[in-house]
Structure formats: C-alpha cells, structure tokens
Amino acid sequence: MRGSLLIHRRGVQRIRQLAISAIGSVKIKILLCCCIAFTLLALATRAASFMGWADHAVSLDRFSKPRKGYTILMNTWKRYDLLKQSISHYSSCGRLESIHIVWSEPNPPSDSLKEFLNHAAQLNSRGRQKIDLRFDINEEDSLNNRFKEIKDLKTDSVFSIDDDIIFPCSTVELAFDVWQSAPDAMVGFVPRIHWVDKSKGNGEHFIYGGWWSVWWTGTYSMVLSKAAFFHRKYLSLYTNEMPASIKEYVSRNRNCEDIAMSFLVANATGAPPIWVKVSR
C-alpha cells in the first residue's frame, strides 16, 4: 500500500514537472513571437524613415476605398502636336476615367488647344461616359510638378506617361490589370537598374544603368514614371513627405524625378517594382 502511494506521488510530481515544463515552453514561444513581432515592427519603421519620411501611416489611411478605372497623368512641354496625338489615342482606351495634363509652361494653354483636346477626348470616348480632361497649371517650371498631389482624383490608379510615348490601349489595359493585382507596387514599361559603386568604397554611391544594362544582366531594380501605373497616395507622399533636398536636386538639374518616385514607392512598400515586358 505504501509502495503504491509512493508511486502515485511520484506520478503526480512527474505530471507537475511536465506541466511546468510545458507552461515554460509556451511562455518561451510567446516571448519569441513577441520578440519577432517587435523586430519586424522596428525594421518596418526603420525602412520607412530611411529616406526622410516616416510618419505617413495616417495620411495613407485616406486611400482605403478602391476606385475603378485609371487616370492618365501626362507631362508635356511645348510639344503640342505630340500632345494632341497622345490625347487622341489614349482617350480611346476602355477603362480610362480622366486625363490630367501637367502644364508648367510660362504661358497658359491656348483656347484652341484646349478646345481641340476636349473635342478629341470626347470624340474618341463615344459609347462610354464622358472623360474628364483637365490642365493642372503650375507657376513654377519644375519636374516635381508631375507628382503634385491632386485632391479630387476620380481613381486610385494613376498612369504616369510622357506626351511622346504611345502604347496600344490593349498594352495599357494589361498593365492596369497587373497593377490591380498589386496596387501598392509601381507597374511600368521602362525598366532600369542600379548597383553599388564599389570604387567609392563606402557603399553610399550607386551606378545607374540604362536599358542595355537591363538587357545584359537580365534584371532590373526600378521602373521609370515616364510610363508607369502607381497608386494616387504616392502623389501625396511625394508632395508632402519627400525630402526637400531631393526635390531641390530635381528642380536644379531638371532630371531624376522618375528615379526619386521609384525609390519613394520602394521605400514605402519594401517591395520591388513590376516590369510589364511587352512589344510596342
């Protein structure tokens, strides 16, 4: 009897030890999960603040409701024949909702130009709802103007395009479908690549490679905004949170605004761009 009681006590103690061990194991797992979550949060915060913008979570919450179709944001400069050709073409694309022309010339667009473009847009969009065509007039001549925030955009999707680039509507619609599958990404037709300039030694200088570098290496690290889809929230980020030093560089050198936007999107999302490879 005493022996069986002793065995019973030992069994109870063993169960207690196993229970304590199990509880300890659960606590360790919970602690590890918390540590991992904290680490990921810290990394995300660090990534977001890397280029000088960190507190944009609240501003992006305004863009939670999806909107159908896309808006063309077309940059132009004293190439009226090309502008007319582009507007006439793109206004026939099926899911286009509106067109915003970024105008940074010293003189406003003429009445005849506005009349022609509006007529062309409505003529080529027959059978669909009326396309809203607007000129976004800027007093300052700066390439930063092409990414100014537009408060009353009708769509979440923005197709940024230069006035001298024309893709078939079927190609644009394909890229739009790709963007819809990854709406936080930048989806475009013009890939580029950059890599660390090892000759500088400190890892803070990069080499920029054009199309032939992309072709030779078979890879890319950015797509240019001269022909790319992105979410309208990035116009807000560029306008309100892009470091002033970068904007000043763009204005002074009249270049690199497309690289700045590509890096902004990559920095905000931590994800790569998407290159839609098509034949024109």
So, [X] and [Y], do they make that salt bridge, N to O below 4.0 Å?
X      : Y      : answer
Lys148 : Asp136 : no
Arg95  : Glu97  : no
Asp163 : Lys226 : no
Asp156 : Lys68  : no
Asp132 : Arg134 : yes

N/O donor-acceptor pair under 3.5 Å between [X] side chain and [Y] backbone:
X      : Y      : answer
Thr239 : Glu149 : yes
Asn267 : Phe263 : no
Ser88  : Gln85  : no
Thr76  : Leu83  : no
Lys247 : Tyr238 : yes
Ser262 : Leu224 : no
His89  : Phe167 : yes
Gln122 : Ile131 : yes

Problem set entry | Taking every non-hydrogen atom, the tightest pair across Ser86 and Asp164 | OG-N, 4.5 Å

For this session: Show your reasoning for whether side-chain contact (heavy atoms from CB on, under 4.5 Å) applies to Thr269 and Asp184.
Result: CA-CA 7 Å; Thr269 62; Asp184 285 332; 4.1 Å; yes

Problem set entry | Residue pairs passing the disulfide (SG to SG under 2.5 Å) test where at least one lies in residues 176-261, sequence neighbours excluded | none

For this session: If a pair satisfies disulfide (SG to SG under 2.5 Å) and one of its residues is in residues 169-240, list it, with sequence neighbours excluded.
Result: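 Disulfide (SG to SG under 2.5 Å) check on residues 169-240 returns Cys93-Cys169.
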
For this session: Quick one: sort the Trp103 and Tyr80 rings into parallel, tilted or perpendicular, breaks at 30° and 60°.
Result: parallel

Exercise. How are the rings of Tyr234 and His231 set to each other: parallel, tilted or perpendicular (split at 30° and 60°)?
Worked result: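 Perpendicular.
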
Min side-chain heavy-atom separation [X]-[Y] under 4.5 Å:
X      : Y      : answer
Tyr220 : Lys277 : no
Trp275 : Val187 : no
Met222 : Ile193 : no
Ile246 : Pro243 : yes
Ile72  : Leu96  : yes
Trp195 : Phe206 : no
Thr71  : Ile99  : no

Exercise. Going through the checks in order, is the side-chain contact (heavy atoms from CB on, under 4.5 Å) test met by Phe147 and Leu264?
Worked result: CA-CA 12 Å; Phe147 301 131; Leu264 180 148; over 6 Å; no

For this session: Please step through side-chain contact (heavy atoms from CB on, under 4.5 Å) for the pair Leu73 and Ile150, ending with a clear verdict.
Result: CA-CA 10 Å; Leu73 188 60; Ile150 303 174; 3.8 Å; yes

Exercise. Is the His100-Phe159 ring centre distance short of 6.0 angstrom?
Worked result: no

Problem set entry | Residue pairs passing the side chain to side chain donor-acceptor pair (under 3.5 Å) test where at least one lies in residues 250-260, sequence neighbours excluded | Asp141-Arg254, Ser142-Ser251, Asn144-Ser251, Arg146-Glu257

Problem set entry | Single-linkage hydrophobic cluster, 4.5 Å side-chain cutoff, Val172 and Leu82 together | no

Problem set entry | Trp179 reachable from Leu174 in the ILVMFWY side-chain graph, under 4.5 Å edges | yes

For this session: Decide side chain to side chain donor-acceptor pair (under 3.5 Å) for Tyr70 and Glu173; before the verdict, give the C-alpha distance in whole Å, the side-chain angles of both, and the deciding distance to 0.1 Å.
Result: CA-CA 10 Å; Tyr70 58 89; Glu173 300 283 310; 2.9 Å; yes

Problem set entry | Set of ring-ring contact (aromatic ring centres under 6.0 Å, His included) partners for Tyr90, sequence neighbours left out | none

Between side-chain atoms of residues 107-117 and protein atoms elsewhere (two or more places apart, or another chain), which donor-acceptor pairs fall under 3.5 Å?
residue: Ser110; atom: OG; partner: Ser112; partner atom: OG; Å: 3.1
residue: Ser110; atom: OG; partner: Leu113; partner atom: N; Å: 3.2

Problem set entry | Derivation of the side-chain contact (heavy atoms from CB on, under 4.5 Å) call for Met186 and Met261 | CA-CA 9 Å; Met186 196 166 180; Met261 174 56 89; 3.9 Å; yes

Donor-acceptor contacts under 3.5 Å from residues 207-219 side chains, at least two apart:
residue: Tyr208; atom: OH; partner: Arg192; partner atom: NE; Å: 3.3
residue: Thr217; atom: OG1; partner: Ser213; partner atom: O; Å: 2.7
residue: Thr217; atom: OG1; partner: Thr219; partner atom: N; Å: 3.4

For this session: For a side-chain contact (heavy atoms from CB on, under 4.5 Å) with Val102, tell me which candidate from Leu143, Asn75, Asp162, Ile137 qualifies.
Result: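 Single pass found, and it is Asn75.
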
